[in-house]
There are 2 protein chains.
Amino acid sequence: MQRLGIVDLGSGTARLVVYAYVPGKHFRLIDEIRESVRLGEGLATQKRLSPKAMQRALSALKLYADFAKATGLDQLKIFATSASRDAENSAEFMQAVQQLGLDVQVLSGSDEARYGVLAAANSFGFSEAWVMDLGGGSAQLSRMQARRYQSGQAYPLGAVRLTELFLRSDPPKKGEVEDLERFVRHEMKAVLGQMRQEPLPLVAMGGTVRNLAKLAQRKKRYPLDLLHGYFLEQAELEAIVADLLTRRTAERRTLEGLQADRADIIVAGGVVYRTVLREAGLSGLWVSGQGVREGAFYQEFLPPPHLLSDVRSFFVRNLFAHYPQEQGHTARVRHFSRLLFRHLQPLHGYGSAEERLLDEAALLHDIGMSVGYYDHHKHGEYLIMNSALPGLSHREQVLLGLLVRYHRKGEPKAGTYKVLLEEGDSKRLLRLATLLRIAEYLERSRAGRVEGLEVTIDPKQVRLTLLAQEEPWVEIAETSKQAKLFKQAFGRELQVAWSKG
Amino acid sequence: MQRLGIVDLGSGTARLVVYAYVPGKHFRLIDEIRESVRLGEGLATQKRLSPKAMQRALSALKLYADFAKATGLDQLKIFATSASRDAENSAEFMQAVQQLGLDVQVLSGSDEARYGVLAAANSFGFSEAWVMDLGGGSAQLSRMQARRYQSGQAYPLGAVRLTELFLRSDPPKKGEVEDLERFVRHEMKAVLGQMRQEPLPLVAMGGTVRNLAKLAQRKKRYPLDLLHGYFLEQAELEAIVADLLTRRTAERRTLEGLQADRADIIVAGGVVYRTVLREAGLSGLWVSGQGVREGAFYQEFLPPPHLLSDVRSFFVRNLFAHYPQEQGHTARVRHFSRLLFRHLQPLHGYGSAEERLLDEAALLHDIGMSVGYYDHHKHGEYLIMNSALPGLSHREQVLLGLLVRYHRKGEPKAGTYKVLLEEGDSKRLLRLATLLRIAEYLERSRAGRVEGLEVTIDPKQVRLTLLAQEEPWVEIAETSKQAKLFKQAFGRELQVAWSKG
């Protein structure tokens with residue numbers, strides 16, 4: 001395992017993230033230190049970094065360097081964004097940074113945009129999209145084509161900057177907000193026109209949109225505690241922004257779901273997104289939990305062109321890799337569940353989407369054992385529901401978690417997650433959970449006693465013939481116990497027999 | 001890590017459990033295969049093991065042996081209990097077992113009792129107790145003195161046996177139940193008299209009591225999903241047994257919380273416990289999740305006399321050992337929280353119980369990182385609330401989980417766990433969480449930048465002076481942010497300053 005620290009010195013926030021990884025194989029975020037340094041404070045009006053702001057940024061960088069040394073990171077990459085590139089005195093700041101013995105890369109607007117697109121390409125299933133990253137100093141908007149950065153630009157629309165330029169009253173006055181909106185429309189005129197022409201999914205990243213999404217989720221008591229992959233509808237965003245506009249900063253600071261040190265700048269950021277959705281005519285945006293830092297990470301983690309070949313499959317395997325377990329048992333449960341799925345195709349009529357989900361559930365069904373053997377089905381559900389699994393929609397993630405939850409016992413039901421499911425999903429859950437559970441019990445001894453399986457469908461029953469050298473007594477008994485569930489799921493009796501094959 | 005399989009061939013259930021362990025250091029249960037073999041079926045009336053019952057037991061043993069071989073266990077210990085020792089044809093059965101190439105140890109009644117006491121001594125804080133283990137064929141009742149087995153006996157009061165002898169109707173008739181009760185009183189007359197004389201805690205183990213406790217917990221929506229350490233009150237047990245007595249087996253089979261294959265025998269077992277509590281005049285019993293199998297495990301795991309020197313401390317460290325993390329950071333957070341606790345003693349007045357709890361929370365505060373960095377405080381709470389932590393009461397475990405939950409942010413509150421807390425615990429939680437959080441933020445960089453701490457209590461404020469070579473900017477900023485919480489907890493302002501020391 002290697003450990004890489006990435007420092008992102010933004011105009012609002014400075015952040016160190018640490019990844020532990022095996023190149024190309026798997027990774028996880030293992031630490032984060034975030035400080036609201038506001039390096040861009042006053043920059044919009046003074047054009048210069050203030051001595052105080054520089055001091056805060058230098059202290060943060062010093063801290064990160066100390067941290068990297070104390071914890072023995074293999075590598076520390078530091079980059080800075082718009083405040084550091086735009087200020088008249090940025091050379092002075094860079095000199096001070098160098099005196100700390102640190103090597104900082106100042107990203108250009110298009111570097112930032114490229115990293116953002118790399119993050120989006122590696123954490124969503126879209127091939128074509130618009131990617132927007134709204135920071136403290138600037139906002140980047142890019143076009144992703146065939147998963148590559150095609151074009152993009154940085155706009156002077158960062159949340160710190162716009163707050164200083166436009167929203168001077170607390171709460172902001174109507175005229176201030178209108179001026180801000182006019183500015184946004186003017187700056188982005190060309191790209192907003194293109195977006196209207198090409199209404200592709202909009203992937204949005206950065207702290208502003210994460211906080212807006214969190215507020216929206218709180219409001220509707222969203223059952224998953226996951227931001228990445230959340231679709232923030234235009235109507236939700238409109239309601240959130242309208243609400244934020246009526247409150248003073250002090251009041252916003254106490255809102256649950258909003259980071260207190262963003263209470264002032266969240267409004268300007270919200271107005272930018274609102275304007276973009278309105279002008280581009282989009283019904284909402286996709287929230288990304290990954291951004292420039294992850295883009296920079298993928299550049300180290302993956303060989304050029306730094307793209308995961310299959311996002312969903314990577315993150316499912318990435319989760320699996322955190323929880324080592326018996327490979328043999330897992331492989332056999334996958335094998336049996338696939339076999340059952342295919343043989344029973346005439347009864348369920350499902351296609352590749354369901355087959356894939358079932359296979360992922362079979363792969364992950366035992367990860368909860370790392371918490372504890374007893375109730376490991378519940379622990380597995382917890383781990384899945386609480387993990388970022390880019391590439392899966394929240395609905396798919398919920399189905400996956402529920403399949404793992406019901407792989408051993410209980411009557412499959414969606415509970416509080418029901419709101420995320422579609423029509424037919426209750427039946428889908430019941431049927432797939434039944435197949436997974438039978439596969440699990442065909443492997444009850446976890447030792448490969450059942451070597452093969454024959455499936456016969458009769459008008460009133462389904463017969464499973466377990467091929468094994470010796471009578472797999474426990475497997476027969478345990479599988480037979482699922483007859484009631486099977487009947488519920490497929491409307492037929494379940495018969496289980498043994499053959500020497 | 002070594003892996004040891006232990007097979008317990010009881011009169012009702014056969015079970016293989018597998019432990020992974022480092023001798024004397026830490027262990028965890030990693031697998032279990034349980035089958036209701038009912039080896040003792042018919043034994044009460046026929047005095048012999050039936051061919052069918054022997055066949056089931058042999059199949060189960062064969063399965064466990066296959067499993068041990070296929071998964072490469074280092075060692076497999078097999079023992080059998082009352083059915084195997086009491087049957088007239090047990091020699092015949094043992095011969096069949098030997099033909100499988102297996103080495104089975106038939107435990108005497110007092111062996112069983114000794115193992116039970118060993119499990120109780122290593123999973124409860126009691127020095128003196130009664131220990132009862134109710135199985136399918138027999139029940140053991142022992143006196144534990146100074147954590148050692150002092151005396152004990154096996155009684156012919158197993159749940160399978162008694163069901164066959166007395167409860168022939170479904171549901172049982174009043175007269176049948178009275179006959180059963182009379183039999184229990186008669187068989188246990190002497191020991192029940194002793195228990196009345198010495199009203200020590202009664203620790204109860206085995207599947208029967210676990211199921212009874214689970215039913216009681218379901219009934220009152222107990223907020224923790226933990227059986228070990230649960231105190232089952234007499235009134236609860238009376239209500240559960242009364243309810244079970246009115247239902248038919250088929251109906252009991254569908255009760256949530258009750259293992260379906262115990263639906264018939266649970267009633268007899270419940271009546272035995274009810275009779276014991278009534279006759280011994282006890283207000284309830286302590287449910288043990290550990291039993292004979294764990295006793296046998298401790299014999300391998302620990303050198304003679306096979307006793308953990310401190311049960312609570314062992315299991316807290318055992319949990320910690322599953323989730324490796326930065327030792328340095330953890331050690332420093334423990335150090336600072338201890339220091340704060342002691343310096344602020346005049347303000348909180350707490351003693352060693354609180355100091356210990358705070359220290360345990362400091363040790364475990366980051367275990368949730370193994371699930372994911374974000375929300376690791378919530379994951380840590382989940383892991384603690386869902387782990388067996390013998391030696392802590394459920395109240396203490398809840399406080400521990402909540403301290404970990406609030407070690408970074410949020411206003412400490414008990415939520416659904418409130419019913420398990422005592423008067424003063426809300427304040428206790430608030431104060432200890434505040435100390436832990438300050439300790440955590442004194443170590444915000446996780447790199448030991450703050451080398452020492454001075455604490456001064458003034459009438460209106462508490463001053464923390466952080467000793468460090470260079471200004472620990474982030475630590476000062478982050479610790480200062482806790483001033484509001486500190487005021488709430490201790491009624492004083494919090495001042496944070498830096499000194500080169």
Side-chain angles (χ1 to χ4, degrees), chain A residues 16-18 28-33 35-36 55-56 58-60 62-64 66-71 225-227 256 260-261 289 319 322-323 325-326 328-329 369-375 378-379 382-383 386-388 409-410 444-449 470-475 477-478 481, chain B residues 16-18 28-33 35-36 55-56 58-60 62-64 66-71 225-227 256 260-261 289 319 322-323 325-326 328-329 368-375 378-379 382-383 386-388 410 444-449 470-475 477-478 481:
Chain A
L16 164 70
V17 290
V18 181
R28 69 191 312 187
L29 177 77
I30 58 166
D31 218 329
E32 180 185 86
I33 306 182
E35 280 305 313
S36 170
Q55 200 44 56
R56 285 194 301 264
L58 289 169
S59 301
K62 182 69 173 59
L63 163 73
Y64 299 152
D66 285 359
F67 176 88
K69 206 172 142 197
T71 59
D225 200 7
L226 289 174
L227 287 171
E256 263 200 271
D261 55 23
L319 181 62
H322 294 328
Y323 303 106
Q325 58 219 274
E326 276 169 70
H329 171 68
M369 282 203 192
S370 70
V371 175
Y373 180 82
Y374 294 116
D375 287 336
K378 291 185 198 169
H379 304 322
Y382 178 87
L383 296 176
N386 285 284
S387 297
K409 48 181 167 176
R444 181 62 194 93
S445 65
R446 312 172 73 82
R449 281 156 53 108
E470 289 177 62
E471 184 178 11
W473 170 75
V474 170
E475 283 76 5
E478 295 290 329
K481 283 183 195 163
Chain B
L16 164 70
V17 291
V18 181
R28 69 191 312 188
L29 177 77
I30 57 166
D31 218 327
E32 181 185 85
I33 307 183
E35 281 303 312
S36 171
Q55 200 44 57
R56 286 194 300 264
L58 289 170
S59 301
K62 180 70 174 56
L63 163 73
Y64 300 152
D66 285 358
F67 176 89
K69 205 174 144 196
T71 60
D225 199 7
L226 290 174
L227 287 171
E256 264 202 89
D261 55 22
L319 181 62
H322 293 328
Y323 304 105
Q325 57 218 274
E326 277 170 67
H329 170 67
M369 283 202 191
S370 70
V371 176
Y373 180 82
Y374 295 117
D375 288 336
K378 290 185 198 170
H379 304 322
Y382 178 87
L383 296 177
N386 285 284
S387 298
R444 181 61 194 90
S445 65
R446 313 171 72 83
R449 281 156 54 107
E470 289 177 61
E471 185 178 11
W473 170 76
V474 169
E475 283 77 4
E478 294 290 328
K481 284 183 195 164

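Sequence lines set the chain letters: A, B, ... in the order given, protein chains first and strands last, and positions in each chain run from 1. Atom set for the values below is all heavy atoms of this structure, side chains included, hydrogens, waters and symmetry mates excluded.
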Subject >> Smallest separation among heavy atoms of A:S387 and A:L226, with atom names >> reply: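 Shortest heavy-atom separation between A:S387 and A:L226 comes out as O-CD2, 3.6 Å.
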Original post:
Going by the angle between their ring planes, with limits at 30° and 60°, are B:Y382 and A:Y382 parallel, tilted or perpendicular?
Top reply: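 It falls in the parallel class, under 30°.
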Using a 4.5 angstrom heavy-atom cutoff, name the option from [options] with the most pairs to chain A.
{"options": "B:E471, B:H322, B:K69, B:R56", "answer": "B:R56"}
{"options": "B:E475, B:M369, B:H329, B:R28", "answer": "B:R28"}
{"options": "B:L63, B:D66, B:V371", "answer": "B:L63"}

Measure distances from [X] to the heavy atoms of chain B and classify the residue's part below 4.5 Å as side chain, backbone, both or neither.
{"X": "A:E256", "result": "neither"}
{"X": "A:K409", "result": "neither"}
{"X": "A:A60", "result": "both"}
{"X": "A:R449", "result": "side chain"}
{"X": "A:E32", "result": "both"}

Original post:
Does the B:Y64 side chain pair with the main chain of B:I33, one donor and one acceptor, at a distance under 3.5 Å?
Top reply: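 Yes.
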Original post:
Short question: side chain of A:H379, backbone of A:Y374 - any donor-acceptor pair under 3.5 Å?
Top reply: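 A pair under 3.5 Å: yes.
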Original post:
What residue, out of A:P472, A:G410, A:S59, A:G328, has the most heavy-atom pairs lying under 4.5 Å from chain B?
Top reply: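 The answer is A:S59.
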**OP:** With a 4.5 Å cut-off on heavy-atom pairs, point out which of A:A477, A:A388, A:S370 contacts chain B the most.
**Re:**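 Among the listed options, the one with the most contacts to chain B is A:S370.
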Original post:
Rounded to the nearest 0.5 Å, how far apart are CG of B:D375 and CG of A:D225?
Top reply: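 It comes to 5.0 Å.
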Subject >> Test item: A:Y373 and B:D31 side chains (from C-beta on) under 4.5 Å apart, heavy atoms >> reply: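 Yes, their side chains come closer than 4.5 Å.
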